[in-house]
Amino acid sequence: MWSYIIPILTLIVGLVGGFFIGVFYLKRQLEAMQSNPEMLAKMAKQMGYNMNKQQINKAQQMMKNQKWK
């Protein structure tokens, strides 16, 4: 019986832990992009968008107004 419960329990704990670690990492990356326009431009380029300075400034302003709590 324990040979079924332990793997299922560890899978659930691993998924939950991985989710929270991923959310934490994503929040840190988004906060870093607020102050680094090169990082924001690089991410946009990877997604297929070419942003000029005005668009980057507008995106940074929108991110600063967003609450990351």
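FYI, the numbering just counts along the sequence from 1. Please read these numbers as outputs of a predicted model, since none were measured by experiment. Side-chain atoms are counted along with the backbone in the values below, which use heavy atoms only and exclude waters and symmetry mates.
Here Tyr4 sits alone; no ILVMFWY side chain lies under 4.5 Å from its own, so it joins no hydrophobic cluster. Other residues sharing the hydrophobic cluster of Ile5, ordered by chain and number and joined by side-chain separations under 4.5 Å: Met1, Trp2, Ile6.
Taking both residues in full, the closest heavy atoms of Asn50 and Gln55 are given as O-OE1, 3.7 Å, listed atom of the first, atom of the second, then distance.
A distance of 10.0 Å separates CG of Leu26 from CD of Glu31, quoted to the nearest 0.5 Å.
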Donor-acceptor list for residues 38-46 side chains, cut-off 3.5 Å, not counting sequence neighbours:
none

Let me check something: any side-chain donor-acceptor pairs from residues 16-25 under 3.5 Å, sequence neighbours excluded? List them with distances.
from, atom 1, to, atom 2, distance (Å)
Tyr25, OH, Gln29, NE2, 3.2

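A single hydrophobic cluster is seen to contain both Met47 and Met51, as judged by linkage of ILVMFWY side chains at heavy-atom distances under 4.5 Å, directly or through other members.
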